[in-house]
Amino acid sequence: MRTKKCDQFLRKINQIASDFKTVAESEKPTDKNYQEKIGIGLSRFADIYLELDTEDRERVCTYIEELMDIVGLESSNGQLNKFMYGFDPNEMTDKN
C-alpha cells in the first residue's frame, strides 16, 4: 500500500517529466530551458527535502539524469550536485 508521502513524491517526479515534455514540444527547446525546468522541479522538493534520505535524493537525481539523456542535455549546470550534496563539487575544484 502506497503512503501519502510516496504519492506526493511521485507527483513531484512526474511533474518534472511533464515540464521536460513541455520544453521538448516548444518551438525552440534549449539547454537553458531544460535547466530551468530542472531547477523548478528540484525546488518542488523543498517542503519535504529534510524528510528525504540519501536513497530518495539519488532516485530523484537518477530520474532527472534519465530525462536529460532522452533530450540530449549534458549538464544540469550543477543543480543535481547541489540537490544531492548541498553544494556543487565542481565549483570547489574551479576555485583551486
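Closest heavy-atom contact between R57 and L52: NH1-O, 3.2 Å. Closest of all the heavy-atom pairs between G41 and I16 is CA-CG1, 3.6 Å. A24 approaches P29 most closely through the heavy-atom pair O-CG, 4.0 Å.
If you chain together hydrophobic residues whose side chains sit under 4.5 Å apart, I13 and I70 fall into the same group. Y85 and L80 fall into different hydrophobic clusters, where Ile, Leu, Val, Met, Phe, Trp and Tyr side chains are chained together by heavy-atom contacts under 4.5 Å. Both V71 and V60 are assigned to one and the same hydrophobic cluster, defined by single-linkage of ILVMFWY side chains at heavy-atom distances under 4.5 Å. M84 and I38 are not part of a single hydrophobic cluster, where members link through side-chain heavy atoms under 4.5 Å apart.
In terms of modelled atom types and a separation under 3.5 Å, the side chain of T22 and the main chain of S18 share a donor-acceptor contact. Not one N or O on the side chain of R44 forms a donor-acceptor pair closer than 3.5 Å with the backbone of K12. Without hydrogens or angle criteria, N81 side chain to G78 main chain gives no donor-acceptor distance under 3.5 Å. Proximity of a side-chain donor or acceptor of Q35 to a complementary backbone N or O of S75 within less than 3.5 Å is detected. One N or O on the side chain of N14 and one on the backbone of L10 form a donor-acceptor pair closer than 3.5 Å. Remark: side-chain polar atoms of Y49 are paired, donor with acceptor, to backbone N or O of F83 under 3.5 angstrom.
Atom CG of D53 and atom CG of L50 lie 12.5 Å apart (nearest 0.5 Å). From L67, atom CG reaches atom CG of L73 across 10.0 Å, with rounding to the nearest 0.5 Å. In this structure, the separation between OH on Y63 and SG on C61 is 13.5 Å, given to the nearest 0.5 Å. Considering CG of D19 and CG of N33, their distance stands at 11.5 Å, rounded to 0.5 Å. Put simply, CD on Q15 and CD1 on I40 are 9.5 Å apart, with the number rounded to the nearest 0.5 Å.
With S76 as reference, M68 is the one residue of M68, K82, E65 to meet the side-chain contact (heavy atoms from CB on, under 4.5 Å) rule.
Relative ring orientation between Y34 and F20 is described as tilted, the plane-to-plane angle lying within the 30° to 60° band.
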Checklist entry - Under the salt bridge (charged side-chain N to carboxylate O under 4.0 Å, His left out) criterion, do D56 and R59 qualify, and how do the steps go? => result CA-CA 5 Å; D56 292 333; R59 210 173 287 140; 3.3 Å; yes
